[in-house]
Amino acid sequence: MSQAYLRNLNPAQLQAVKHPPDIPLQILAGPGSGKTRVLTARIAHLIFHHHVAPQAICAVTFTNKAANEMRARLDILVGVHDTACIRMGTFHALCASFLRRHGRMVGLETNFTICDADESKKIVKALLGEHSKDLAAKRISLTEGTLMSMISKAKARGQTADELEANYRRSRASGSRKRSRLPSDVNNEDNSDDEQSQIMQDPNIMAVLIDIYRVYERTLRSSNSLDFDDLLLFGVCLFKRNPAVGEWCQHVLVDEFQDTNTIQYELMRQIAAASRCVTIVGDPDQSIYGWRSAEIKNLINMQRDFLNTQQILLEQNYRSTASILGASMAIVSQDKKRVAKTLRAEHPAGPSPMLQLFLNEHQEAGFIASEIKKLVAATGGMLEWGDFVVLLRFNALSRLIESALQKEGIPNRILGGHKFFERLEVKDLLAYLQLIDNPHFVAAFTRVINVPARGIGEKTVNEILGAAQRLKLSPLEVVMRIHDGALPDIKPSVKRKLASFVPPVRELQTFARKDTLPSDLIRHLLESIKYDEHLRKTQKDWDSRWENVQELINFASEVEKNMENTKAAEPDEQPWDGDWDVLEEFDRDQLNDEGFVETSSDAVHKDKGTRKAREQQPEQDTPLRMFLQASMLSTDVASENKDDGKGKVTLTTCHAAKGLEWPVVFVPAVEKGTFPSHRAEDVDEERRLLYVACTRAQALLYLTHANSRMCAGEAKKKDMSEFVSAVLQNDKSYFSREAPNLSAGDRTLIAQLLGRNAPDEAEVVRRMAQYNSSTQAWNASYGFPNYSVAQPRLAGSSDSAPPSVRPPPVNPSLTAGPASAAMSQSAAPSQSSPAPSASDGPQSSTVKSTGVKRRLGMGRTGGGYPNKKFKTPGNTSGTSNESTPCFADVR
DNA sequence: AAGATGAACATTTTT
DNA sequence: TGTTCATCTT
Ligand SMILES: Nc1ncnc2c1ncn2[C@@H]1O[C@H](COP(=O)(O)OP(=O)(O)OP(=O)(O)O)[C@@H](O)[C@H]1O
């Protein structure tokens, strides 16, 4: 029984799993080679064979989602109970939980609030405002975004504001040789790097940066809050100062190691300080987070820091067809600096990856939608909606494709787009709860004090904040005292207005102290501030926002359930339980004389917070706190919601697709300026990104691009991505220009690859007939360009046909139904690209329309609730596309 | 203080 | 394309 986890591993994988635990191990391997599978099996092996206690294992994943998936796999291998005991999560999540318990050792209250990127930006923006005159005078434009990312980069290197300043001083002193650059060589590739360093050399900018960095840190500290980088920094500090905190850990395993940054690596070192037992898994070719300070160097650093580190390579790819793998390798191999590596395909060639060109992004989106439909039919239903993914360079590209899918009635979900926890209605409610848990979290206070509208505007808020600083109280406390009459009212009279704020907050505090479940807290909150009315009054789309509110309650319930389960699974065997008291005493002494990090020199607030928190919240893991933490750390409710994902086409970014796989992958906009992004700093990284995207595909891969595309306002001509054209130059055979007509052989191959049953051929014929008739009826009745039956319109074909389609009029050239093939053929092949096949082969062109119009009503029904935000036309904005499925105008 | 309007403007990627 | 900011009016 216990050996089950060793089955289904090849010799190299087995070797990695059985590698002696005390010899540091690097498993380096390409995509689809089973790295994650090996990591999971190795954990099982540690538990079963080496009898390592599950709670002595620390497994680090890149995302929460990956952690959940690994948990699910381990549930099967080692059982739910043991799995629940493993310390598993992202570096951030792990740090958050360590700091909840031991935060005091590094000067933190256990009720610290995690400040998300949005709030961080707001803080920086406010600070930037103070410098705006100064900057404007010097004609410098700086956005809070760039500033924030500079700060974040400094933090990811472990640089404090002081250190940054010292560093800068030193580098200036040592005679900086400034190269003057002509504006004309902006198109040089390494230009952006220079640009970066040029910014970092501008004394004005550096002065502002350092100042804002410093004040930003002070703001966070006095708010008793940590931003994402702080979680790691304080985590490192915790282990460094109190090595005993890490003694429980006997083995650390890190997935996606190529994307760890300096601090994360430092953290890994600290956690492994006692045991020196480390296993990492990674692939340099898949390093795509350099922009977030990931350091590929960490692989070498590890060899330096952990003596006798050994490497095991996995060279067999089990995920993709050989042709997909070949094309992907051809792409990534363009990187001359890359270390070549072997990757053999386990599976046969299969259909070639497709590379297709369209007139514009609408045609591209339409093609994707209709191709998905076609493939479901052509596989007799063996492929379902959930088997398809569209991988995008950036989120905004999802809009068109989403609506194309909806027009075709294809259910879909957008992963990570406009994130759930970033919606205003969700943030409002969370802010109330954050304020309840941590009255010092000013960001939450300023957000909710006037929600719903209480007539407390900017001016009043500033008065309150000023008073709070003078009195050394939290703004919440100030406002409560004013309400109670314990403090005098302030200039713009506010006392009366607080009647709708203070009592509800007090009530919530009382509930929270009694450990009322978060879901119930939210319900109370909604009622006491009449949030539904507020939404109705202020938001056009209040109903869908109200659904998000309900979804938040659901999420809270999920978290509550998980907490119960976790508690049940690990009664009270917290790994560190034994030495907790000792540690704390030991450290309090230490803390008294030496304080803590430079940035928290703000002793006044700290003391005050300390006393308050000890009186009010002696407990660390209150349900409310756990809920808030889960909210801040999880990007997506969908990843928790199992029911959602299946049965829908997924739209997401290439970045978010890391580590995942789908039978069919579409990558749109494979164009210069998108792949690589025109603002990318590192072109090689962009290429790797495309490589990652391609290697998600198991059976079928489509790269598409358009001749012109609306970008930031105006239509732009687009060329094919150099990553692909470079491949074509060497060898055109990697890609096919025609959409495949799946043969029975293809179906069998796909079935085998996916471990499914091949469909009945009769079913295939039936579905294809149905598919053809429905698309034809649909196209005919809407005068829609007939891209559908794998009929991309070609570049260079006369633009006159589709664009001027106004609602119902039917384009004459399309009424002929299947004959539309002729249209495509008239197209002139464009520059480098041979023409896609004109006709789509037997199924589509020979099966006559049966005249069934079943699809007619499907235009706008879509599937489920899209993440629709913002208003629909309603007002004067030109044509409404609400009622007519055909798009307004394609010019 | 809040709502309404229009102009300017900018779109990577995420824990 | 959609969003954010500035300015205006109530
Ligand atoms: N020995 C094996 N036999 C059969 N299938 C395998 C084997 N090892 C892995 N696989 C399958 O290969 C696919 C890829 O595995 P996995 O996700 O672990 O790869 P990976 O190396 O982590 O990929 P990536 O680098 O893209 O994250 C999975 O579907 C997995 O089930």
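If you're wondering where the values come from, they're calculated on a predicted model, not measured in any experiment.
- Each of dT13(B), dA2(B), dT14(B) was ranked by its minimum atom distance to the side chain of A453(A); first place goes to dA2(B).
- To the nearest angstrom, P of dT13(B) lies 17 Å from CE of M148(A).
- Across the protein-nucleic acid pair, L651(A) atom CG and dT13(B) atom C1' stand 16 Å apart, rounded to whole Å.
- Under 4.0 angstrom from either OP1 or OP2 of dT13(B) there lies at least one side-chain N or O belonging to N395(A).
- Using a 4.0 Å heavy-atom criterion, one finds that Y289(A) contacts the sugar-phosphate atoms exclusively.
- A close approach under 4.0 Å does not occur between any side-chain nitrogen or oxygen of K125(A) and OP1 or OP2 of dT4(C).
- Residue I401(A) contributes atom CD1, which lies 15 Å from atom C1' of dT1(C) at whole-angstrom precision.
- Distances were taken from every side-chain heavy atom of R399(A) (C-beta onward) to each of dG2(C), dT14(B), dA2(B); the shortest belongs to dG2(C).
- Taking the six-membered ring where tryptophan is involved, the planes of F257(A) and Y265(A) are perpendicular, since the angle between them exceeds 60° and thus also 30°.
- With salt bridges taken as basic N to acidic carboxylate O contacts below 4.0 Å, one links K427(A) and D116(A).
- dT7(C) is paired with dA4(B) under the criterion used here, namely a Watson-Crick or G-U wobble arrangement in which both key atom distances are under 3.5 Å.
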For this session: Dump the intermediate steps for side chain to side chain contact (heavy atoms under 4.5 Å, CB included) on C58(A) and L94(A), then the final yes or no.
Result: CA-CA 9 Å; C58(A) 182; L94(A) 289 167; 3.9 Å; yes
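- In this structure, R536(A) is positioned above the aromatic face of W542(A), its NZ or CZ under 6.0 Å from the six-membered ring centre and within 45° of the axis.
- For the pair T653(A) and dT14(B), the criterion of a side-chain N or O lying under 4.0 Å from OP1 or OP2 is met.
- Using a 4.0 Å heavy-atom distance criterion, D229(A) is classed as making no nucleic acid contact.
- Atom-to-atom, CG of D259(A) to C1' of dT14(B) comes out at 11 Å; the value is rounded to the nearest Å.
- Along DNA chain B, the nucleotide nearest to F394(A) and the one nearest to H92(A) differ in position, and the one closer to the 5' end is contacted by F394(A).
- Rounded to whole Å, atom C1' of dT13(B) lies 13 Å from atom NE2 of H678(A).
- Taking only side-chain nitrogens and oxygens, T460(A) comes nearer than 4.0 Å to OP1 or OP2 of dA1(B).
- Of the two residues near DNA chain B, A93(A) and E458(A), the one whose nearest nucleotide lies more 5' is E458(A).
- Per the geometry, CG belonging to L633(A) stands 16 Å off P belonging to dT14(B), to the nearest Å.
- When the C1' atom of dT1(C) is taken as reference, atom CE of M710(A) falls 6 Å away, rounded to whole Å.
- Atom CZ of F421(A) and atom P of dT14(B) are 16 Å apart (whole Å).
- For the pair R100(A) and F112(A), the cation-pi criterion (under 6.0 Å, within 45° of the ring axis) is fulfilled.
- Of the side-chain N and O atoms in N64(A), none sit less than 4.0 angstrom from OP1 or OP2 of dT14(B).
- Between W291(A) and dT13(B), a base-stacking contact is recorded: ring centres under 5.5 Å apart, planes less than 30° from parallel.
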